[in-house]
Amino acid sequence: MINPTKVDVQIKEFSKEQLIDISKDIHKQGVAVFYNQKLNETEYTSVMKKFGECETPNLFMNPKEHPEIFLVTGKKVDGKKIGMFGDTELGWHSNGNSRHLIDKILIALYCVKEDINTTLSVCNTQQPFYDMSKDEQEYYRSITIRLKFKNNTIYDLEEGDPELEFMSKNKGSIRKLVGQHPHTGLEYFYFPYHFITKAWEGKKQIDAEEMINKLKPKIFKSQYQYHHIFKEGDLLLMDQFTSLHRRTPVMDNNRLLWRVAADFNNVYR
């Protein structure tokens, strides 16, 4: 089962050596949790910059004063969304699933305002590969997948929604179903199946839906999953290659998470 690192000390006080250790745990487990953190926006972004470079796309959900932060909330002001991922259920995904280049593989979620009725689930996608037979491993190594964002899959967006506009701009990507982690060299399944539109075994196209349906029960076993209900001050860190995550619907639209996407280049420099 997933046994994520759980820490009740202030991450802003960590040394580089401690950040390296926690990064290794995140790669292995897919997730680490820090409780009772006391972070303002500046402290939070400073911590994440210790790991590496952070995304700053300057979209509607990025505060101008702290462009590294993505507001995750269903709250609206004057009828307009101020954050991403709204209040509906989110299917399994990871950061950048339809992008050609995925380098921001560390996602951090910091809870500012909680909703005790909403659960985040994280599934390790590395361990399922190593629990397979050698023949299965070899077969799945031969698979290439085509990924593209499709509305009404991980969640539903209405026409005119600013999220739909920027997510639809990604042209998609073609990549191997089994990847090799850049920092550990270990293999993992890259399986955000909502985004998979085509699949090939070698050069021969195969039925993508059939492949997905065969692989789902192999990956989404309970022993590979961790479930978290955010409390204010919780900080959850996830590796976007060795995990997928999903969310149940939000009951309180005042719920607010600060999301940051970073790489690990400063940790391993």
Side-chain angles (χ1 to χ4, degrees), residues 2 30-31 55 57 59 61 70 72 74 81 83-107 109 118-129 140 143-159 161-179 188-201 205-222 224-228 236 238-250 257 259 261:
I2 287 188
V31 61
E55 281 185 336
L59 297 168
M61 75 285 282
F70 293 68
V72 178
K81 295 173 73 169
M84 65 190 306
F85 293 145
D87 59 358
T88 58
E89 180 179 5
L90 291 177
W92 292 106
H93 65 284
S94 54
N95 188 42
N97 291 146
S98 59
R99 300 180 201 168
H100 177 68
L101 175 64
I102 305 170
D103 58 348
K104 302 301 186 286
I105 61 173
L106 174 62
I107 289 292
L109 296 172
T118 300
T119 302
L120 179 84
S121 297
V122 182
C123 184
N124 186 298
T125 57
Q126 178 175 272
Q127 194 58 47
F129 179 80
Y140 287 115
I143 302 296
T144 302
I145 53 176
R146 162 79 169 153
L147 300 117
K148 181 77 171 67
F149 170 74
K150 296 180 291 183
N151 195 17
N152 304 316
T153 53
I154 64 164
Y155 70 134
D156 302 331
L157 294 169
E158 296 179 357
E159 289 297 325
D161 190 305
E163 273 190 271
L164 180 60
E165 180 182 353
F166 81 79
M167 293 185 75
S168 298
K169 285 181 178 179
N170 290 323
K171 294 181 179 180
S173 65
I174 295 176
R175 58 185 295 126
K176 301 296 288 185
L177 175 64
V178 176
Y188 61 90
F189 279 112
Y190 195 77
F191 191 59
Y193 63 86
H194 292 294
F195 293 79
I196 298 175
T197 60
K198 293 182 180 179
W200 296 265
E201 179 187 351
Q205 186 169 350
I206 61 174
D207 188 322
E209 283 302 315
E210 183 178 341
M211 183 270 294
I212 289 169
N213 290 332
K214 285 182 178 178
L215 203 47
K216 276 182 183 178
K218 297 176 184 291
I219 292 179
F220 297 111
K221 294 182 178 180
S222 58
Y224 302 140
Q225 297 187 38
Y226 167 71
H227 308 283
H228 189 82
L236 189 142
M238 295 178 289
D239 186 303
Q240 301 302 284
F241 285 161
T242 59
S243 73
L244 292 167
H245 56 282
R246 63 166 296 155
R247 186 195 71 195
T248 61
V250 175
L257 303 181
R259 174 189 180 275

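Keep in mind that what you see is a predicted model, and the values were worked out from it rather than measured.
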Check: With no hydrogens and no angle check, is any side-chain donor or acceptor of T144 less than 3.5 Å from a backbone partner on W200?
Finding: no

Margin query: Under the criterion side chain to side chain contact (heavy atoms under 4.5 Å, CB included), I'd like the reasoning laid out for M211 against L177: C-alpha separation, chi angles, the key distance, then a yes or no.
Written below: CA-CA 11 Å; M211 183 270 294; L177 175 64; 4.1 Å; yes

Item checked: For D103, side-chain hydrogen bond (donor to acceptor under 3.5 Å, both in side chains) partners two or more places apart -> none

Notebook entry, point to check: Who passes side-chain contact (heavy atoms from CB on, under 4.5 Å) against S94, sequence neighbours left out?
Noted result: N97, Y190, Q240, L244

Next item on the list: Taking all heavy atoms of N152 and all of L157, pick out the closest pair and write down the distance.
Entry: OD1-N, 4.1 Å

Checklist line | Spacing of CZ belonging to R146 relative to OG belonging to S173, to within rounding of 0.5 Å | finding: 7.0 Å

Notebook entry, point to check: Can you name the side-chain contact (heavy atoms from CB on, under 4.5 Å) partners of K216, sequence neighbours left out?
Noted result: F191, Y193, I212, N213, F220

Next item on the list: Taking ring pair (Phe, Tyr, Trp, His ring centres under 6.0 Å) as the test, write out the residues that go with H228, two or more places apart.
Entry: Y226, F230

Next item on the list: Look up atom CD1 in I143 and atom CZ in R175, then write down how far apart they are to the nearest 0.5 Å.
Entry: 15.0 Å

Next item on the list: Inspect the surroundings of NZ in K81 and state if more than 12 heavy atoms from other residues, nucleotides or ligands are less than 6.0 Å away.
Entry: yes

Checklist line | Y188: ring pair (Phe, Tyr, Trp, His ring centres under 6.0 Å) partners, not counting sequence neighbours | finding: F241

Item checked: Main-chain N/O of T88 paired with R247 side-chain donor or acceptor, under 3.5 Å -> yes

Next item on the list: To the nearest 0.5 Å, tell me how far C123 SG sits from Q225 CD.
Entry: 4.5 Å

Item checked: Test ring pair (Phe, Tyr, Trp, His ring centres under 6.0 Å) applied to F129 - qualifying residues, sequence neighbours left out -> F189

Notebook entry, point to check: What are the two closest heavy atoms between G30 and S243, and how far apart are they?
Noted result: O-OG, 3.6 Å

Check: Could you go step by step and tell me if L59 and M84 meet the side chain to side chain contact (heavy atoms under 4.5 Å, CB included) rule?
Finding: CA-CA 10 Å; L59 297 168; M84 65 190 306; over 6 Å; no

Notebook entry, point to check: Who are the side-chain hydrogen bond (donor to acceptor under 3.5 Å, both in side chains) partners of S121, not counting sequence neighbours?
Noted result: H227

Next item on the list: Nearest 0.5 Å please: distance from the NZ atom of K176 over to the CD1 atom of I145.
Entry: 10.0 Å

Next item on the list: Go through the structure and list residues passing ring pair (Phe, Tyr, Trp, His ring centres under 6.0 Å) with F85, not counting sequence neighbours.
Entry: H93, Y155

Checklist line | Qualifying residues under side-chain contact (heavy atoms from CB on, under 4.5 Å), relative to E165, sequence neighbours excluded | finding: K169

Margin query: On a heavy-atom basis, which atom in P249 and which in T118 lie closest, and how many Å separate them?
Written below: O-OG1, 3.1 Å

Checklist line | Worked check of side chain to side chain contact (heavy atoms under 4.5 Å, CB included) between N95 and M238 | finding: CA-CA 10 Å; N95 188 42; M238 295 178 289; over 6 Å; no

Item checked: Under the side-chain contact (heavy atoms from CB on, under 4.5 Å) test, residues paired with A208 that sit two or more places apart -> I196, A199

Item checked: With sequence neighbours excluded, residues passing side-chain hydrogen bond (donor to acceptor under 3.5 Å, both in side chains) with N124 -> none

Check: Taking C-beta and beyond as the side chain, do L164 and E158 meet within less than 4.5 Å on heavy atoms?
Finding: no

Margin query: Please determine whether side chain to side chain contact (heavy atoms under 4.5 Å, CB included) holds for the pair V31 and L236, giving the CA-CA distance in whole Å, both sets of side-chain angles, and the decisive distance to 0.1 Å.
Written below: CA-CA 7 Å; V31 61; L236 189 142; 3.7 Å; yes

Checklist line | S168 side, atom OG; K150 side, atom NZ - distance, nearest 0.5 Å | finding: 13.0 Å

Check: Who passes side-chain hydrogen bond (donor to acceptor under 3.5 Å, both in side chains) against T125, sequence neighbours left out?
Finding: none

Checklist line | Atom pair CD1 (I219) and NZ (K214), whose distance is rounded to the nearest 0.5 Å | finding: 14.5 Å

